[in-house]
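Only this structure's heavy atoms are used, side chains among them; waters, hydrogens and symmetry mates stay out. Position 1 is the first residue of the sequence; numbering continues from there. In each ligand, atom 1 is the first atom listed, and ligand 1 is the first ligand listed. Fair warning: this is a prediction, and the values are worked out from it, not measured in the lab.
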Amino acid sequence: MEFTSHTEQIDKTQADLLVARFFEDSKTLDPLIKRLDVALQKRISSVFARKDFRGKLGEVLLLDTEKTIAAPRVLLLGSGKKNEFTLENLRVSIAAASSVIQRFHIKNVAFVLLPVRPQNSSVEESTQAIVESLLLSNYRFLPYKKKDEESPPAEITNIQFILSKAADKLRVLKGAKLGEMLAQTVSLARDLGNHPGNVATPSHLAKHAADLAKAHPKSIKVKILHREDIKKENMGALLAVSQGSDEEPKFIILEYQGGRKTAQPIVLVGKGITFDSGGISIKPSDKMEEMKYDMMGAATVMGIIRAAAELKLPVNLIGLIPATENLPSGKAIKPGDIIRSRSGKTIEIVNTDAEGRLILADALDYAKKYKPSLVIDFATLTGAIVVALGDDLIGAFANQENLIGPLKAAADLTGEKIWPMPLEKSYEEFIKSDFADLRNISSQPRIGDAIHAANFLRQFVDYPWIHLDIAGTAWATREKPYRPKGATGIGIRLTIEFLKKIKKIDFGQSIS
Ligand code: BES
Ligand code: MN
Ligand code: ZN
C-alpha cells in the first residue's frame, strides 16, 4: 500500500474517490471544502440545504462529480458533533466510508484532512486512526472459502492525504505507516483466533511465535518448552489441563529487547487454550464451536511483541504463553483431583472447565524469575465477565490503583475500552479448599466468578500486576465498526498505546 500526502488542489487530485468529512454542528465550510463545493457547482451546499446530508456520525453520501473535478466520486462523511469528535468517532466514521470503498472496489482513495482534529490527538494519531480503521474494516477471514464464493475485498493500493498545511506532510505519512503496521498485527491475531481448533493447535501457536522471532532476528528471541521441559519446570497445573488431550502442550517464551539490557522487563502472559470443551465438566454444545477463540490472550501477547519490535519500543518485554487443549478423555483430570502447581500450592480441581486460571497460575509463577516491573495477563477467562460488562468492555483487575489510570488513558485513545473490576479480599475465603490449598472455582457457585478467577490468579503473583479478562471482547458475535464477526484482536492497540507512555509511570514496589 502506498501513502502520499500533499497540498495539491483538491479539484485536481487524481483518485477513484475523494473523502471529505463534515460535522453536524458546523455552520461554515472549511476553505478547502469551499473550494471543492465551488468546483462541484455547489452540489455540497445544496445537499446540506435540502437536508439530504446532515453530517451525523457515520452518515455517508456519495456524489458523482460528473467530470467537474479530476476525481469521479466524492464521499461526504459525517463525523458527528465537533465537541464529541474523538479518535474513536473518527474510526467509526471511517468504517462507514470503508463499506462504500469496498462496494465500489476503490483502489485509490484520497482523504481531505481538515484542520479540525479529534480531541487530544496529534496529526500522526489522527492519520493512524484513519488507516487502522480502514484496514481493520476491510479484514476478512477467507482461507477456508471457495475463491469465487465470496471474493476477497478489493485491495486499496493508494491512500492520499490532502492537507492544508505542508508542514504536516511527514507527520501524516508517519501516522499512516504506524496505522498500517498495527492493523496488520491485529489482523494476524484475528486470523489465529478464527482458524479452527484442528489447525490452531498449541504447536501452531508455537510455530507462529518462532516465525515472529525469525522475522525479527535482532530483537525477538523465542524458546518453546515441550512436554518434557514443562515437566522439568514442575508446571503441574498446565500438565493437568493438557493430560486429556492428544495434542502436545507447549509453553512459549518470547523475549523482546528494546530497552537497556539491565532494565526490568514487563511480562505479558496470554491464555492459550486452543479449544475449550470444558473437559469432564463438559460445556453445553450450543456455541461450543466458538471456544476455539479461547487462545486470544496468546494471540494478543504475540501481537504486542510483534508491534513492539516493529516500532522498536524502548522497553524489554517477555511473552509467556501456556498453550493446550481442554478435552475430556480417559486420561483427563476429574472433579476432585488435586494437583500441585509450579508454585508448590496444591489445587483441588472442582470444575475442569475452570482451566484457564490453572494454566495461568503456572505462567504467572514462572514470570517471577524475570523480576518484572509489571505483569499484564490477557485471558478469555470467565463467562461472568461477559454477563457483567457485555461484549465491548474489557474487565481490568489490578493489584495497584495507579496502574488503572494509565490503562484507562490508553483505552480512551484506542477505543479498546476497559472497566475497573475489584480484587475483593474478603472473597478469598471462597477459593479455599477443604483438601488442598486452593479450589479452582468458588465454593459459592455461579456468583461473582470473574472476581474469584482474578483472586485465584492473585495467589500466584508478587509483583505489580494487571489482569485483563477479555472473554467478552475478544470475539464479536455482532458486526461492530471496523470489527467484523469473529476474533477481534482486542488488546494489542490498547497495550501498545500503554507501553508507549510507560516511561512516565512509576510502578512502585512489588505487592500482591
Ligand atoms: N474459556 C472459558 C470462559 C469463556 C466463556 C470465554 C465464554 C469466552 C466466552 C473458561 O475457561 C470457562 O469455561 N470458565 C467457566 C468457569 C466456571 C466453570 C467457574 C465459566 O465462565 O463458565
Ligand atoms: Mn473453560
Ligand atoms: Zn477457557
Legend entry - Pairing residues for D365 by the side-chain hydrogen bond (donor to acceptor under 3.5 Å, both in side chains) criterion, not counting sequence neighbours: R342, K368
Inset, instruction - Give, for atom NZ of K177 and atom CD of Q128, the distance between the pair rounded to the nearest 0.5 Å. - result: 13.5 Å
Inset, instruction - Measure distances from the Mn ion (ligand 2) and count the protein N, O or S atoms below 2.8 Å. - result: 4
Legend entry - Side-chain ion pair, D377 and K271, N-O less than 4.0 Å: no
Legend entry - Inter-residue atom distance D469.CG - I451.CD1, 0.5 Å rounding: 11.0 Å
Legend entry - Presence of N, O or S from K271 under 2.8 Å of the Zn ion (ligand 3): yes
Inset, instruction - Determine the interplanar angle of the F460 and F456 rings, folded into 0 to 90°, and report it as parallel if under 30°, tilted if 30 to 60°, perpendicular if over 60°. - result: tilted
Inset, instruction - For E248, check side-chain hydrogen bond (donor to acceptor under 3.5 Å, both in side chains) against everything at least two apart and list the hits. - result: R227
Inset, instruction - Output yes when K432 and E429 qualify as a salt bridge under the 4.0 Å nitrogen-oxygen rule, no when they do not. - result: no
Legend entry - Every residue of the protein that comes under 4.0 Å of ligand 1, judged on heavy atoms: K271, D276, K283, M291, Y293, D294, N351, D353, E355, R357, T380, L381, T382, G383, I441, D449, A471
Inset, instruction - Output yes if D294 passes the N/O/S-under-2.8 Å test against the Zn ion (ligand 3); output no otherwise. - result: yes
Legend entry - the Zn ion (ligand 3) to E355: nearest N/O/S atom name: OE2
Legend entry - Residues D392 and K480 bridged, charged N to O under 4.0 Å: yes
Legend entry - Check ion pair E497-K501 (N to O, under 4.0 angstrom): yes
Inset, instruction - Please name the atom of D276, restricted to N, O or S, that is closest to the Zn ion (ligand 3). - result: OD2
Inset, instruction - For the pair E479 and K485, find out whether any cationic side-chain nitrogen is under 4.0 Å from an anionic carboxylate oxygen. - result: no
Legend entry - R306 with D211: basic N within carboxylate O range, under 4.0 Å: no
